[in-house]
Amino acid sequence: MKVIGIGNALLDVLLRLDGDDVLSEMGVKKGAMDLIDESAMREIQQAQAGLQRSEVPGGSVGNTMRAMARLGAEAGYIGKIGSDEAGKVYEAKTKEAGVNPFFVRTEGISGCSTVLISPDGERTMATFLGPAETLSDGEIPDEVLRRYDCVYMEGYLISNDKLFLPLLKRAKGMGLKVALDLSNFNIVNGFKDLLEEAIPAYVDILFSNESEAGAYTGLAAREALDVISGDVEMAVVTVGKDGALAGGHGKVVHVEALNSHVVDTTGAGDNFAAGFLYGYSVGATLEQSAKLGSLLSANVIDVVGAQIPEGRWEQIKLKVNEILGK
């Protein structure tokens with residue numbers, strides 16, 4: 001099964017914080033994702049110019065597709081970028097990871113997400129979407145979607161009314177599976193009515209963490225999974241250090257977290273989704289897919305950023321084959 005992701009193509013600027021006081025000074029809530037304009041983005045980065053930093057291609061779905069491709073999946077990615085150097089870097093890095101890209105281009109600067117990493121590993125994101133937020137359903141040709149069997153979307157796209165529902169409807173009409181990540185509890189709280197309409201009607205696989213599942217259902221993780229599983233083919237609720245719950249076809253599994261050493265949780269959910277979707281794409285069981293998700297998540301939380309280090313992939317692939325019984 002071939003999977004194509006659709007998301008906000010954003011360059012990640014990762015900043016390590018000495019303490020959480022700076023978050024209060026900026027007026028942002030720890031662990032949240034706040035949308036900012038270009039001037040605010042530059043102010044934040046300039047204010048933290050002395051901190052350890054790195055720049056990598058990001059965006060939730062972009063992270064997932066790159067990790068899937070590294071496992072050997074046929075993965076594609078759709079996004080919108082500017083005409084600047086950041087856009088060129090983003091496209092080049094996407095191709096380098098083995099992902100088949102389809103980028104809509106426009107004049108101006110590309111989107112950027114400033115990731116503020118607290119000493120305990122929690123991340124707070126200040127995101128300038130730039131052209132990413134203007135991607136519309138009409139800019140994505142049918143022939144691009146027809147090359148794939150499943151579309152994977154991030155919840156951050158729900159605020160884009162020219163893309164989110166129109167694309168869901170078109171994908172289902174074309175017979176594609178639809179996977180969705182709820183992305184952030186603020187997204188769920190802000191668009192709950194729309195999600196309650198869209199998920200049962202169009203979504204086959206739903207990813208969430210404990211806070212997002214709670215915002216959507218008003219329930220604790222295990223009970224939330226039961227509710228969500230009634231609306232979709234498969235549901236996943238990650239529960240941090242307690243691992244993850246997955247449900248589908250009347251079955252519920254729990255997989256343990258494989259790594260307790262947390263440096264930075266950036267990309268943990270993105271990589272879990274990559275492992276799970278890879279398992280799904282090769283016909284793995286629900287439990288095997290969840291274990292693959294846990295494996296990839298464990299390999300990203302002990303490094304800074306959403307990318308698993310290059311040197312780990314060969315060992316990861318051996319463990320993937322072990323989980324799949326190859």
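Along the sequence shown, residues are numbered consecutively beginning with 1.
When atom types are taken as modelled, the side chain of E74 and the backbone of K2 share no donor-acceptor pair closer than 3.5 angstrom. Although no hydrogens or angles enter the test, the distance criterion places a donor-acceptor pair under 3.5 Å between the side chain of N160 and the main chain of L135. Within the 3.5 Å criterion, the main-chain N or O of V61 finds a donor-acceptor partner in the side chain of E154. T127 contributes no side-chain N or O that, together with a main-chain N or O of L129, makes up a donor-acceptor pair within less than 3.5 Å. Under the 3.5 Å distance criterion, the side-chain polar atoms of S183 are matched with a main-chain donor or acceptor of D181. Using a distance-only test at 3.5 Å, with no hydrogens or angles considered, no donor-acceptor pair links the side chain of R123 to the main chain of S118. When atom types are taken as modelled, the side chain of S281 and the backbone of Y278 share a donor-acceptor pair closer than 3.5 angstrom. The main-chain N or O of T285 is found under 3.5 Å from a side-chain atom of Q288 such that the two form a donor-acceptor pair. Without hydrogens or angle criteria, N184 side chain to N186 main chain gives a donor-acceptor distance under 3.5 Å.
Residue F207 is tested with F276, Y280, Y216 for a ring pair (Phe, Tyr, Trp, His ring centres under 6.0 Å); the sole match is F276.
Side-chain contact, T106 with K80: no donor N or O sits under 3.5 Å from an acceptor N or O. For the 3.5 Å distance criterion, the side chains of N271 and S297 fail to qualify, holding no donor opposite an acceptor. Of the N and O atoms on the side chains of Q307 and N63, at least one donor lies less than 3.5 Å from an acceptor on the other residue. For the 3.5 Å distance criterion, the side chains of D270 and S60 qualify, holding a donor opposite an acceptor. In this model, a donor atom of one side chain and an acceptor atom of the other lie less than 3.5 Å apart for S110 and D84.
The heavy-atom pair separating G248 from L286 by the smallest distance is N-CD2, 3.7 Å. A pairwise comparison of heavy atoms in A69 and V99 identifies CB-CG2, 3.7 Å as the closest pair. The minimum heavy-atom distance linking G275 with L296 is given by the pair N-CD2, 3.8 Å. The minimum heavy-atom distance between A290 and V253, with the atom names listed, is CB-CG2, 4.5 Å. Of all heavy-atom pairs between A244 and V239, the closest is N-CG2, 3.9 Å. For the pair S294 and L258, the tightest heavy-atom approach, listed with the atom from each and the gap, is OG-CG, 3.5 Å.
Heavy-atom neighbours of K162 NZ from other residues, nucleotides or ligands within 6.0 Å: at or below the threshold of 12. Within 6.0 Å of NZ on K29 lie no more than 12 heavy atoms contributed by other residues, nucleotides or ligands. The 12-atom threshold is exceeded at CD of E139, counting heavy atoms of other residues, nucleotides or ligands nearer than 6.0 Å. More than 12 non-hydrogen atoms from other residues, nucleotides or ligands lie less than 6.0 angstrom from CD of E143.
One distance of note links CD of Q315 with CD1 of I308; it measures 12.5 Å at 0.5 Å rounding. Taking CG of L168 as the reference point, atom CD1 of I6 lies at 8.5 Å (rounded to 0.5 Å). Going from atom NZ of K317 over to atom CG of L295 covers 12.5 Å, rounded to the nearest 0.5 Å. Annotation: the span from Y90 atom OH to L10 atom CG amounts to 6.5 Å, rounded to 0.5 Å. Distance check, rounded to the nearest 0.5 Å: CZ of R66 to CG of L71 gives 13.5 Å. The structure places CG of L292 at 11.0 Å from CD1 of I316, a figure rounded to the nearest 0.5 Å.
For E91, the salt bridge (charged side-chain N to carboxylate O under 4.0 Å, His left out) test picks out K95, R105, with sequence neighbours left out.
K291 has no carboxylate O lying under 4.0 Å from a charged side-chain N of E256, or vice versa, which leaves the two without a salt bridge.
Screening residues 195-204 for side-chain hydrogen bond (donor to acceptor under 3.5 Å, both in side chains) gives K172-D204 as the qualifying pairs, with residues at least two apart or on separate chains.
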Practice task
Could you give me the CA-CA distance, side-chain angles and deciding distance for K177 and D149, then say whether salt bridge (charged side-chain N to carboxylate O under 4.0 Å, His left out) is met?
Solution key: CA-CA 6 Å; K177 293 286 187 180; D149 308 295; over 6 Å; no
Problem - Stepwise salt bridge (charged side-chain N to carboxylate O under 4.0 Å, His left out) test for K169 and D137 - result: CA-CA 10 Å; K169 293 176 181 177; D137 177 61; over 6 Å; no
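In this structure, L182 is not a member of the same hydrophobic cluster as V237, with clusters built from ILVMFWY side-chain heavy atoms closer than 4.5 Å.
With ring centers used as reference points, Y77 lies 6.0 Å or more from F102.
Residues I4 and V144 meet the side-chain proximity criterion, which asks for heavy atoms closer than 4.5 Å.
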